[in-house]
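These numbers come from a predicted model, not from an experiment. In what follows, chains carry the letters A, B, and so on, assigned in the order in which the sequence lines appear, proteins first and then strands, with residues in each chain numbered from 1.
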Amino acid sequence: MASTVRVRFAPSPTGHLHVGSVHTALFNWLYARHHGGVFILRIEDTDRSRSTDANIDAVIDALRWLDLDWDEGPPTPGFRQTERFALYREHAERLVRAGRAYYCDCPPELLEQGRKAAEARKETFRYSGRCRDRGLDAGALRLRIPDDGTTVVNDLINGPVTFDHRQLDDWILVRSDGTPTYNFCVVVDDVTMGITHVIRGNDHLSNTPKQILCYEAFDYPVPEFAHVSMILGPDRGRLSKRHGSTSVQAFRDEGFLPDAMVNYLARLGWSHGDQEIFSRGELIELFDVKDVSSSGAVFDRTKLEWLNQETMKRMDDRRLAELCEPFIERAGLPVPGDRAWLARVVATLKERAKTLVELVAVGRFYFVAPSGYDDKAAAKFLTAAGAERLDRLIARLGSADFAPAGLEATYRGLAEALGVKLVDLAQLSRLAVTGTTASPPIFDVLSILGREETLARLRRARAAIP
RNA sequence: GGCCCCAUCGUCUAGAGGCCCAGGACACGGCCCUCUCAAGGCUGAAACACGGGUUCGAAUCCCGUUGGGGCCA
């Protein structure tokens with residue numbers, strides 16, 4: 001009987017949740033859900049200056065938006081590192097009593113001297129061990145580690161990675177001012193939370209042997225490790241703001257859907273044959289850490305946009321309409337009260353937009369009449385001939401069937417009667433109704449707008465012709 | 001600088017010695033469809049970083065080089 005999988009996501013609250021963080025959060029979440037395990041959210045807020053309540057709320061909001069739910073974590077108390085200092089102190093004392101850690105009072109200048117000397121010899125700086133056996137009872141607390149031998153990280157993604165102890169040193173657990181170091185907090189948190197699988201960014205692989213040595217000093221079982229490759233910018237450097245949006249909040253504001261975001265991030269560094277599009281359920285069912293790639297992946301916004309459109313196309317129109325409402329409001333447009341009507345609207349727009357912001361922009365004419373006409377198109381269509389055609393259209397549309405098929409029949413009939421092509425009438429109407437020459441199928445548009453609004457806009461266009 | 005990780009089309013990837021003169025997807029080009037724009041269908045161009053091995057046979061295994069990334073400073 002295997003023990004329950006317990007994984008965690010431990011962001012530091014900086015206000016913006018980076019897509020790279022979300023990537024590892026997602027892999028943890030998928031691993032937990034796939035194995036029926038427990039997903040824990042822990043806030044690494046030891047950097048007091050940036051770890052405001054607002055920033056913590058931002059992390060929580062972002063995870064909720066993505067629907068990555070956690071089983072243990074805030075708002076339950078005890079999941080913020082700042083609430084856990086007593087635990088760190090207690091564990092530090094335990095190591096001192098067991099003789100596995102010792103105090104060191106080496107002055108910074110001495111350490112700096114050693115560092116320079118090591119650099120001159122082109123070697124890794126290691127603490128000399130000067131205070132190891134001095135039996136001090138104050139100062140910085142260091143972990144006593146073996147002088148030679150190796151520590152092997154049996155990484156689930158990268159395979160066995162061997163670290164020579166001669167590259168490691170008696171690292172500091174607790175600084176002389178009493179504050180615990182990052183690596184020490186992580187170990188204490190992970191053991192006390194019963195974490196069985198540490199799934200985190202590749203940038204922590206180098207810290208892992210130090211942490212393993214610490215687990216061993218405690219005589220705690222060492223968890224499994226899986227170091228996920230990092231997300232890169234187009235220049236293969238660390239993904240940062242200069243490459244464009246990097247926080248999930250930014251993508252949310254730009255009109256990306258949580259399911260598209262999740263699908264895209266899941267496919268970055270993970271794959272299942274040739275499949276590109278996955279539902280949540282499929283992701284949970286198919287996710288396997290063995291299929292996670294060990295090489296870095298460039299974040300490609302264009303592909304995210306494609307996936308976002310695919311997600312919109314597959315989504316129920318009522319649901320999509322609902323998601324659009326805040327974007328309509330933010331664009332300064334009146335939000336329709338009739339959601340069924342809005343569902344008809346978005347159905348015609350979703351294959352013409354990559355994001356919700358774009359969808360609203362492209363469908364602006366549904367919510368408000370055009371304030372003017374495209375110059376080039378106006379010169380072409382709002383002519384004497386156009387005036388006559390508009391008159392005939394207005395006359396016929398007064399009593400026409402306003403279902404798309406009925407409108408098409410009316411238009412085709414009139415085109416024949418006038419001896420013109422359908423496209424001439426269609427483009428003229430499109431210009432009158434939307435202000436431009438590109439829109440969803442004109443009969444759908446007119447049908448959705450309705451007789452009254454359609455006629456009003458056609459008459460306005462007619463009046464614009466001198 | 002030391003240590004660690006990585007290396008298939010521009011990008012995400014399939015590929016776990018012969019099925020691969022390398023497959024899919026995004027993006028890009030062409031054609032078709034068509035009331036416009038999209039969407040869709042078909043189609044084209046596009047990659048195993050380099051050099052040594054191992055093997056009858058290597059994108060796949062080993063070593064090195066180069067390049068990128070990370071950690072420690």
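Between K313(A) and rG40(B) there is a side-chain polar atom (N or O) within less than 4.0 angstrom of OP1 or OP2. The side chain of R200(A) places no N or O atom within less than 4.0 Å of a non-bridging phosphate oxygen (OP1 or OP2) of rC71(B).
Nucleotide rA7(B) forms a pair with rU66(B), judged by Watson-Crick or G-U wobble geometry with both contacts under 3.5 Å. Base pairing annotation: rA22(B) forms no Watson-Crick or G-U wobble pair, as no partner gives both donor-acceptor distances under 3.5 Å. Pairing for rC61(B) is with rG53(B), a Watson-Crick or G-U wobble pair whose two hydrogen-bonding atom distances lie under 3.5 Å. Nucleotide rG2(B) forms a Watson-Crick or G-U wobble pair with rC71(B), both donor-acceptor distances falling under 3.5 Å. Across every strand in view, rC42(B) sits in a pair with rG30(B) that passes the Watson-Crick or G-U test at under 3.5 angstrom.
One P atom belongs to rU66(B), the other to rG51(B), and the distance between them is 15 Å to the nearest Å. On the C1' atoms, rC9(B) is 13 Å away from rA59(B), given to the nearest whole Å. Annotation: rU34(B) and rA46(B) have their C1' atoms spaced 30 Å apart (nearest Å). Only the C1' atoms considered, rA47(B) is 12 Å distant from rG23(B), to the nearest whole Å. Taking atom C1' on both nucleotides, rC12(B) is separated from rC71(B) by 27 Å, rounded to a whole Å. The gap from the P atom of rG17(B) to that of rC4(B) amounts to 27 Å, rounded to the nearest Å. Rounded to the nearest Å, the gap between the C1' atom of rG44(B) and that of rA27(B) is 14 Å. Atom name C1', nucleotides rG53(B) and rA58(B): the rounded distance is 12 Å, in whole Å.
If you find the closest nucleotide of RNA chain B to I157(A) and to V298(A), the one lying nearer the 5' end belongs to I157(A). For the pair V161(A) and E351(A), nearest-nucleotide mapping onto RNA chain B gives the more 5' position to V161(A).
Using a 4.0 Å heavy-atom criterion, one finds that R430(A) contacts the bases of the nucleic acid, with or without backbone contacts as well. Within 4.0 Å (heavy atoms only), P209(A) reaches no atom of the nucleic acid at all. In this structure, S271(A) reaches the sugar-phosphate backbone alone: every heavy-atom distance under 4.0 Å involves primed, P, OP1 or OP2 atoms, never a base. L268(A) comes within contact range of the sugar-phosphate backbone alone, with a heavy-atom separation under 4.0 Å but no base atom that close. Note on S295(A): only backbone sugar-phosphate atoms sit closer than 4.0 angstrom, heavy atoms only; bases stay farther off. Using a 4.0 Å heavy-atom criterion, one finds that G269(A) contacts the sugar-phosphate atoms exclusively. Within 4.0 Å of R301(A), counting heavy atoms only, lies no atom of the nucleic acid at all. Contacts of Y264(A) with the nucleic acid, taken as non-hydrogen atoms under 4.0 Å apart, are absent.
For A297(A), counting side-chain heavy atoms from C-beta on, the closest listed nucleotide (rC6(B), rC12(B), rC35(B)) is rC12(B). Among rC3(B), rA39(B), rU36(B), the nucleotide with an atom closest to any side-chain atom of Q309(A) is rA39(B). Taking the side chain of S439(A) as heavy atoms from C-beta on, and the options rG40(B), rG68(B), rU36(B), the nearest nucleotide is rU36(B). Listed nucleotides: rU11(B), rC5(B), rC35(B). Nearest to the side chain of N158(A): rC5(B). For F163(A), counting side-chain heavy atoms from C-beta on, the closest listed nucleotide (rC4(B), rC35(B), rA73(B)) is rC4(B). For L422(A), the listed nucleotide lying nearest its side chain is rC35(B); candidates were rA25(B), rC3(B), rC35(B). Taking only side-chain atoms of S206(A), from C-beta outward, the nucleotide of rC71(B), rG2(B), rA14(B) with the closest atom is rC71(B). Each of rU36(B), rG68(B), rC26(B) was ranked by its minimum atom distance to the side chain of R236(A); first place goes to rG68(B). Comparing rC5(B), rC35(B), rC37(B) against the side chain of L205(A) picks out rC5(B) as the nearest. Considering only the side chain of E310(A), rG40(B) comes nearest among rU36(B), rC5(B), rG40(B).
Checked against the 6.0 Å centroid threshold, F299(A) and H243(A) do not count as a close aromatic pair. The six-membered or imidazole ring of Y264(A) lies away from that of F256(A), with a centre-to-centre distance of 6.0 Å or more. Taking the six-membered ring where the residue is Trp, the centroids of F251(A) and W65(A) are separated by 6.0 Å or more.
What separates CD of Q211(A) from C1' of rC71(B) is a distance of 12 Å, to the nearest Å. Computed from coordinates, the D169(A) CG to rG2(B) C1' distance equals 13 Å when rounded to whole Å. Rounded to an integer number of Å, the gap from NE2 of H204(A) to P of rC72(B) is 8 Å. Distance, R267(A) CZ to rU13(B) C1': 5 Å, rounded to whole Å. The interatomic distance linking K303(A) (NZ) with rC9(B) (P) rounds to 14 Å, in whole Å. F256(A) places its CZ atom 16 Å from the P atom of rC26(B), with the value rounded to the nearest Å. What separates CZ of R121(A) from P of rG1(B) is a distance of 17 Å, to the nearest Å. One interatomic measurement links the two molecules: CZ of F299(A) to P of rC12(B), which rounds to 12 Å at whole-angstrom precision.
Remark: R142(A) is not positioned above the aromatic ring of Y102(A), lacking an NZ or CZ atom under 6.0 angstrom from the ring centre and at most 45 degrees off the axis.
N28(A) and H197(A) are not linked by any side-chain donor-acceptor pair at a separation below 3.5 angstrom, with hydrogens and angles left out of the test. Side-chain polar atoms of T208(A) and H227(A) form a donor-acceptor pair below 3.5 angstrom.
Evaluation of atom-type donor-acceptor distances gives a pair under 3.5 Å for the side chain of E276(A) against the base of rG24(B). D274(A) contributes a side-chain N or O that forms a donor-acceptor pair with the base of rG23(B) under 3.5 Å.
Heavy-atom neighbours of H16(A) NE2 from other residues, nucleotides or ligands within 6.0 Å: at or below the threshold of 12.
Across all their heavy atoms, L458(A) and S429(A) have their closest contact at CD2-CA, 4.3 Å.
Relative ring orientation between W270(A) and F287(A) is described as tilted, the plane-to-plane angle lying within the 30° to 60° band.
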